[in-house]
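Numbered from 1 within each chain, the chains take letters A, B, ... in sequence-line order.
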Number of protein chains: 2
Amino acid sequence: MNSLTEENYLKTLFILSNETGEVNVIDLSKRLNIKMPTVTSMMKKLADKKLVYYESYKPLRLTEKGKKEAGIIIRKHRLTEMFLVKVMGFGWEEVHEIAEQLEHTRSPSFFEKMDEMLGYPKLDPHGSPIPDKNGKVEWKKYSKLSDCKTGDTLKLAAVIDSSEEFLKFLNSRELKLGLKVKVKSIEPFDGTMVISYGKKQSETLSHTVTERLLGELMDI
Amino acid sequence: MNSLTEENYLKTLFILSNETGEVNVIDLSKRLNIKMPTVTSMMKKLADKKLVYYESYKPLRLTEKGKKEAGIIIRKHRLTEMFLVKVMGFGWEEVHEIAEQLEHTRSPSFFEKMDEMLGYPKLDPHGSPIPDKNGKVEWKKYSKLSDCKTGDTLKLAAVIDSSEEFLKFLNSRELKLGLKVKVKSIEPFDGTMVISYGKKQSETLSHTVTERLLGELMDI
DNA sequence: TAATTTTGTTAGATGAATCTAATTTTGTAG
DNA sequence: CTACAAAATTAGATTCATCTAACAAAATTA
Ligand SMILES: [Mn+2]
Ligand SMILES: [Mn+2]
Ligand SMILES: [Mn+2]
Ligand SMILES: [Mn+2]
């Protein structure tokens, strides 16, 4: 069995790999708020457990075993988020922190039951895919709103950031997944966008916001 | 904030105090499966935090602060058990181990929501009272079935042991809380009882079982 | 009361997960 | 190609929670 600490390293390494391809010690260190020497020694420990390939000064990579275990933790995290929203009535902005804790619960039947009650969902409340019981996951390739051009229409499908602050901001603008947003103009200097969606005729979003919104580009 | 480890000591000390009055190092040690020197040093630490009164060779006692914190953990444990049974459909024999983990979750709103969904229950699935938000709890004084005499009728209200094995045994005999059981005879040698309840005309229970069953004595 | 058993404490060690400081390796910019 | 900066590693310390071994106090038994 892996400790809670090890689980957090595995999960974060898995997610970073899918975000950015290569993951270096410093990346994990920043994401986990843990100093680099600590990360190095944990990588050696995980390598001993055959969960990570580790070679000094080389990028960090999960083994197949590591990917599987990480995927299962992410599964538990995302099922929990879905459960908190759909069954318990939490807002999507409230669930990430709670799931961060519950994801370490050791009880297959607890998550089985959630899955069943939810009707075997494929996505979490933030649009991220829920890995299957073997930790396997298909990552859809969405476009970032920030990469759209004037005139494009994007159907929002996922957020890149599940923090309470960001999601509260989206709530305040009535931005939710499923909405079709149209790019009305882009400020060349800093990428600020003016968009329209639903009843909103023109809403201004900073680049910081638009690069955290993913969706499918609609033709027309 | 207290660590998960500290929380388990507090909770166990609280429960043992109410079970047996005085609690000594050896009692906590046995209940937690932790060696006595470890318990002693943890008691010193909790005393520094004003959660426990500690004097060498004296019984262990929680301070008011300690009782409150312990009560709140027990509240989370018992609300969780109730939630697992009533909302998620687990059997009463399956929930203790899961609650043992979830009780350490740091999220007041998570337990608020459970409480709300359950309609502010006063008892957990094993008949134990759920402490209020300040950790206060009223322990009802029930009679043990093992203390009953031939001819007595006891309305089952709580079990003393929430382990999966014991509750599965009760399930196998269709023994549940709320049932009225009548003592038909008692073997003087070892206290084995023959009882009747529901459709069962005569069921034989060992002392080990009857001393774990609590209820209210019915007159008549 | 004296001997023995039980309970509790002290002392010192260990492993997990973290840190800081110092050093080394790698990458980059002139 | 050298110098500097960034990234990574090594070495050594710290804190938490645990253990074993040795000793001491309290309780029980004879
Ligand atoms: Mn999340
Ligand atoms: Mn976590
Ligand atoms: Mn329980
Ligand atoms: Mn616990």
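- Picking from C:dT18, D:dT9, D:dT18 the nucleotide with the shortest atom distance to the side chain of A:Ile34 gives C:dT18.
- The listed nucleotides are D:dT18, C:dG8, C:dT20; the one nearest the side chain of A:Pro37 is C:dT20.
- Remark: A:Lys76 NZ to A:Phe111 CZ distance equals 5.0 Å, nearest 0.5 Å.
- Counting any heavy atom pair closer than 4.0 Å across all strands shown, A:Lys30 reaches no nucleic acid atom.
- Atoms CD (B:Glu22) and C1' (D:dA26) sit 14 Å apart, rounded to a whole Å.
- Distance check: B:Trp92 CH2 to B:Asp124 CG gives 10.5 Å after rounding to the nearest 0.5 Å.
- Residue B:Lys58 is classed as having no contact, given no heavy-atom separation below 4.0 Å to the nucleic acid.
- One can place NZ of A:Lys49 at 11 Å from C1' of C:dA16, the figure rounded to the nearest angstrom.
- Checked against a 6.0 Å centroid threshold, the rings of A:His77 and A:His96 count as neighbours.
- Pair check for D:dA8 finds C:dT23; Watson-Crick or G-U wobble, both atom distances under 3.5 Å.
- Cation-pi geometry between A:Lys67 and A:Phe14 is not met at under 6.0 angstrom from the ring centre and within 45 degrees of the axis.
- Distance B:Met42 CE to C:dG8 P: 17 Å, rounded to the nearest Å.
- Between the CG atom of A:Asp27 and the P atom of D:dA6 there is a distance of 15 Å, given to the nearest Å.
- To the nearest angstrom, P of D:dT18 lies 11 Å from NZ of B:Lys35.
- For D:dA8, neither phosphate oxygen OP1 nor OP2 lies less than 4.0 angstrom from any side-chain nitrogen or oxygen of A:Thr40.
- The CE atom of A:Met36 sits 14 Å away from the C1' atom of C:dA21 (whole-angstrom rounding).
- Under 4.0 angstrom from either OP1 or OP2 of D:dC19 there lies at least one side-chain N or O belonging to B:Thr38.
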Residue pair A:His126, A:Asp161: steps toward the side chain to side chain donor-acceptor pair (under 3.5 Å) verdict: CA-CA 8 Å; A:His126 311 110; A:Asp161 174 351; over 6 Å; no
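- B:Tyr9 has a side-chain polar atom (N or O) that falls below the 4.0 Å cut-off from OP1 or OP2 of D:dT18.
- D:dT9 atom C1' lies 6 Å from atom NZ of A:Lys44, rounded to whole Å.
- Using a 4.0 Å heavy-atom distance criterion, A:Ser3 is classed as a sugar-phosphate-only contact.
- D:dT9 atom C1' lies 5 Å from atom OH of A:Tyr57, rounded to whole Å.
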